[in-house]
Amino acid sequence: MSTLPVSTDAVVERINAMRISAEQSLASVESYAQDHAQALARIVAAYRSVLGDTGSRLIRAQAAVVQALAAKPGDPTLTALLARTIDLLTTWTAHAKGYSDYERPATEAEKSGAVSIGWAGVVIALAVAGAVIAVAFTGVAWAVVHYKEAQTLSDEVAAVEKDPSIAEQLAKINQTAPNAPGNNSGGPDDPSSGNGGWGWFLAALGVVGAAFYIIPKLGKG
């Protein structure tokens, strides 16, 4: 987390609030799962996919703002845009890091059904990139409760991407960027890659760190 241009305390505070909201919905989500497990699995997959897509786009937009501000230090429009992207990145980090605690590769027994009783209570098994992940039910509730906010975050990132003040820099970054993680129908990277199937998140943090190597250039013209 040290490479992120966001407050660790702010992220932790948001994660705690989001966790409480998810836990408060557990009873209703568990009840719904009795006859609608596949529907819940689709929500989790959609949530993961939105996060993966939004994160990669936000990181590129953030880098574009930093590059534009390096060329025009002190520009009020770009300064405000940088503050906005940091706030968006704080929200995204809370979503991704908070949810990641509830996901891991599924066991052989869990792969046999969409819903099983096991790790952390009820588990939903979800096929992703040819493998299967297990999502603890608090994670399922997390995805259900916070999906709308994740979609709103995606829309807000789209608004930043349309800002003409970073259009040139963003176009250059997009031309050289690797394919965005999480754009496949099942969500982010193969869960067999370790870290509970959340390797894409760790990779994203690395991209953020690389993007911010140019921060010291700000103010030097």
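This structure is a prediction, so every number in the text was calculated from the model and none was measured. Side-chain atoms are counted along with the backbone in the values below, which use heavy atoms only and exclude waters and symmetry mates.
Between Tyr32 and Ala39 the shortest heavy-atom distance is OH-CB, 4.2 Å. Considering all non-hydrogen atoms of both residues, Ile173 and Ala64 come closest at CD1-N, 3.4 Å.
Thr93 and Arg14 share no donor-acceptor pair across their side chains, judged by distance under 3.5 Å alone. Between Ser7 and Asp9, the side chains place no donor N or O within less than 3.5 Å of an acceptor N or O (distance only, hydrogens not considered).
The distance from atom CG of Leu40 to atom CZ of Phe137, rounded to the nearest 0.5 Å, is 5.5 Å. The distance from atom CG of Asp75 to atom CG of Leu82, rounded to the nearest 0.5 Å, is 11.5 Å.
Put simply, the side chain of Lys72 does not reach to within 4.5 Å of the side chain of Ser165, judged on heavy atoms. Counting heavy atoms from C-beta on, the side chains of Ile86 and Gln62 come closer than 4.5 Å.
Heavy-atom contacts from other residues, nucleotides or ligands closer than 6.0 Å to CD of Glu23 number more than 12.
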Validation: residues 141-150 side-chain donor-acceptor distances under 3.5 Å, sequence neighbours left out:
{"residue": "Trp142", "atom": "NE1", "partner": "Tyr47", "partner atom": "OH", "Å": "2.8"}
{"residue": "His146", "atom": "NE2", "partner": "Met18", "partner atom": "O", "Å": "3.0"}
{"residue": "Glu149", "atom": "OE1", "partner": "His95", "partner atom": "NE2", "Å": "3.1"}

>> Using the rule given for side-chain contact (heavy atoms from CB on, under 4.5 Å), can you reason through Glu103 versus Arg48, listing the C-alpha separation, both sets of side-chain angles and the distance that settles it, and then say yes or no?
In response: CA-CA 11 Å; Glu103 182 180 293; Arg48 294 175 92 255; 2.8 Å; yes

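A salt bridge is absent between Glu161 and Arg60; no separation between the charged side-chain nitrogens and carboxylate oxygens falls under 4.0 Å.
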